[in-house]
Amino acid sequence: MIIKKYVGKTEEEAAEAAKKELGGSAVIMNVRDVKPSGWRRLFQSKQVEVTAALEEEQDAYTPVRREAAKASANQPKATLLSEKVSDMDNGLEGSSKDIEKKLESLQNLLVTQLKKSETGRNQAGEEEEETVPKHEGSDKQGDREENKEQEKFIRLLYNTMLDNEVDERYANQILEDIDKTRKPNTPIDYILTNVYQKMILKFGRAEGIKPAAKGPKVVLFLGPTGVGKTTTIAKIASSYSVGEKKNIALLTADTYRIAAAEQLRTYANILEVPFQVIYTKEELQKAISDFESFDYIFVDTAGHSHQNEEQLEKTSGLLKAVEEMAEYQAFLVLSATTKYSDLLRIAESYKTITKYQLIFTKLDETAAFGNLMNLKLYTDAPIAFVTCGQNVPDDIEQFNPQKTVKSLLGGKRG
């Protein structure tokens with residue numbers, strides 16, 4: 001993993017410098033304002049610093065199940081975290097202050113849990129201690145003790161991720177390189193920082209909603225029933241209409257639920273923006289033509305089961321109709337409370353009709369956010385927004401990977 005920081009007059013300028021050096025695969029991990037210090041503040045304006053990371057190519061990993069994480073040292077060890085400790089030196093030098101602030105409470109929590117685990121050490125651990133040859137030299141014995149502490153800490157990280165419903169194979173992918181670089185004198189906080197950075201890099205950043213090069217940008221919201229699509233559209237529409245003073249129109253193709261159409265109509269009336277109910281793809285194309293001078297057209301599609309092939313085909317037809325008329329983006333809206341296996345089937349079904357970004361709703365109704373990472377890694381679709389309540393327009397935010405990673409490692413999201 002290569003981590004560097006870049007400074008520019010704007011975030012875009014600094015990010016462009018990062019992309020130029022590291023390539024298009026670089027991920028912006030952190031953005032902060034930099035104010036000149038001392039006498040320089042009289043002559044220099046504020047600048048923006050971005051921390052960019054590039055994940056290097058990795059070897060295949062060996063799957064490790066939860067039971068293996070608790071097994072004795074006589075069994076094969078899990079291959080677990082990141083390849084080049086030397087690369088981390090550059091990254092930590094540039095971003096350690098920001099990262100330390102985010103990890104301080106989390107590290108204390110994990111270390112406390114690690115100490116508590118000493119009193120509840122399982123029988124396998126005790127047997128492992130008994131197998132240490134009594135004639136070993138003091139240096140070797142010390143290395144073994146350091147190694148045992150690190151392994152216990154790694155197992156704690158691994159099981160914490162599983163407790164937060166991160167899929168086992170992704171937990172292994174994240175932790176796979178630890179044994180390749182881990183040395184007896186590697187501090188636990190260094191391991192934690194490496195894991196934290198790697199997980200943020202896995203999430204990446206979403207482009208969100210981008211304006212069209214010409215004409216209106218059509219934004220379609222897809223997904224099953226009951227995930228909060230209509231409320232989510234209202235939140236985003238409020239932000240663009242009121243906050244950014246953009247000309248927007250609201251359309252709904254959800255003609256199966258009268259309540260959904262009336263709900264969106266109510267929001268349109270409050271925002272004083274145009275609203276139409278769309279029954280056919282021809283009507284959709286006419287609406288796009290009617291609103292060709294607008295900035296954005298938000299379209300609420302019918303929610304349906306991922307097993308309903310007829311409705312999926314109809315949604316596909318709407319997408320093709322839009323593609324003939326204007327630039328568009330699609331967002332798959334999912335509930336963070338939905339069962340993982342169902343999320344996979346939903347994501348797979350919509351993947352057959354279009355490329356999409358993800359929006360997760362109902363984060364306030366669950367304490368485990370593992371599905372966010374699971375779906376990101378399964379679909380390779382970026383997470384653009386998350387919602388955490390019903391209040392319009394407040395309970396929505398751009399996805400913040402730092403918050404989520406902190407939660408997945410045992411801290412509090414916030």
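Side-chain atoms are counted along with the backbone in the values below, which use heavy atoms only and exclude waters and symmetry mates.
- Looking at residues two or more places apart in sequence or on another chain, you find no side chain to side chain donor-acceptor pair (under 3.5 Å) involving Ser316.
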Can you give the donor-acceptor pairs under 3.5 Å from side chains of residues 360-369 to other protein atoms, not counting sequence neighbours?
| unit_1 | atom_1 | unit_2 | atom_2 | d |
| --- | --- | --- | --- | --- |
| Thr361 | OG1 | Val227 | O | 2.6 |
| Thr361 | OG1 | Leu334 | O | 3.3 |
| Lys362 | NZ | Gly226 | O | 2.7 |
| Thr366 | OG1 | Ala368 | N | 3.2 |
| Thr366 | OG1 | Ala368 | O | 3.3 |

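- Note that CD of Gln276 and CG of Leu264 are 12.0 Å apart. Values are rounded to the nearest 0.5 Å.
- Side-chain contact between Phe385 and Glu397: absent, with no pair of heavy atoms (C-beta onward) separated by less than 4.5 Å.
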Donor-acceptor contacts, no H, no angles, side chain residues 230-242, under 3.5 Å, sequence neighbours left out:
| unit_1 | atom_1 | unit_2 | atom_2 | d |
| --- | --- | --- | --- | --- |
| Thr230 | OG1 | Asp300 | OD2 | 2.9 |
| Thr231 | OG1 | Gln263 | NE2 | 3.4 |
| Thr232 | OG1 | Gly228 | O | 2.7 |
| Lys235 | NZ | Gly389 | O | 2.5 |
| Lys235 | NZ | Asp395 | O | 3.1 |
| Ser238 | OG | Ala234 | O | 2.8 |

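- Shown here for Gly204 and Pro401, the closest heavy-atom pair between the two residues is O-CG, 4.1 Å.
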For residues 287-298, which side-chain N or O atoms pair as donor and acceptor with protein atoms under 3.5 Å away, sequence neighbours left out?
| unit_1 | atom_1 | unit_2 | atom_2 | d |
| --- | --- | --- | --- | --- |
| Asp290 | OD2 | Lys286 | NZ | 3.1 |
| Asp295 | OD2 | Asn247 | N | 2.8 |

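- Aromatic rings of Phe203 and Phe399 (six-membered ring for Trp) have centroids within the 6.0 Å cut-off, being under it.
- In terms of heavy-atom proximity, Leu318 sits nearest to Lys281 at CD2-CA, 3.9 Å.
- In terms of the side chain to side chain contact (heavy atoms under 4.5 Å, CB included) criterion, residue partners of Lys339 (sequence neighbours excluded) are, by chain and number, Ser341, Asp342.
- Between Ala253 and Ala302, the closest heavy-atom pair is O-CB, 4.0 Å.
- In this structure, CG on Asn400 lies 8.5 Å from CD1 on Ile200, to the nearest 0.5 angstrom.
- Legend: residues meeting side chain to side chain contact (heavy atoms under 4.5 Å, CB included) with Glu13, ordered by chain and number and at least two apart, are Lys9, Thr10.
- Across Thr379 and Lys351, no two heavy atoms sit closer than the pair O-NZ, 4.2 Å.
- A distance of 9.0 Å separates CG in Leu22 from NZ in Lys19, rounded to the nearest 0.5 Å.
- Interatomic distance, Leu156 CG to Met161 CE, rounded to the nearest 0.5 Å: 10.0 Å.
- Legend: residues meeting side chain to side chain contact (heavy atoms under 4.5 Å, CB included) with Glu21, ordered by chain and number and at least two apart, are Lys4, Tyr6.
- For Thr301, there are no side chain to side chain donor-acceptor pair (under 3.5 Å) partners at least two apart in sequence or on another chain.
- Take Tyr356 and apply the side chain to side chain donor-acceptor pair (under 3.5 Å) test, not counting sequence neighbours, and it matches no residue.
- Contact record, Ala206 with Ala384: CB-CA, 3.6 Å, taken as the closest heavy-atom pair.
- Under the 3.5 Å distance criterion, the side-chain polar atoms of Asn371 are left unmatched by any main-chain donor or acceptor of Thr337.
- Here Glu262 contributes atom CD and Thr266 contributes atom OG1; the two are 6.5 Å apart, rounded to the nearest 0.5 Å.
- Scored by the side chain to side chain contact (heavy atoms under 4.5 Å, CB included) test, Thr352 finds Leu312 as partners (sequence neighbours excluded).
- With sequence neighbours excluded, no residue forms a side chain to side chain donor-acceptor pair (under 3.5 Å) with Asp167.
- Partner of Thr404 under the side-chain contact (heavy atoms from CB on, under 4.5 Å) criterion, out of Ile383, Leu372, Asn164: Leu372 alone.
- Judged as a side-chain hydrogen bond (donor to acceptor under 3.5 Å, both in side chains), the pairs with a partner in residues 323-334 (not counting sequence neighbours) are, in order, Glu207-Gln329, Lys217-Gln329, Gln285-Glu324, Tyr328-Thr354.
- Remark: Leu157 CG to Met199 CE distance equals 9.0 Å, nearest 0.5 Å.
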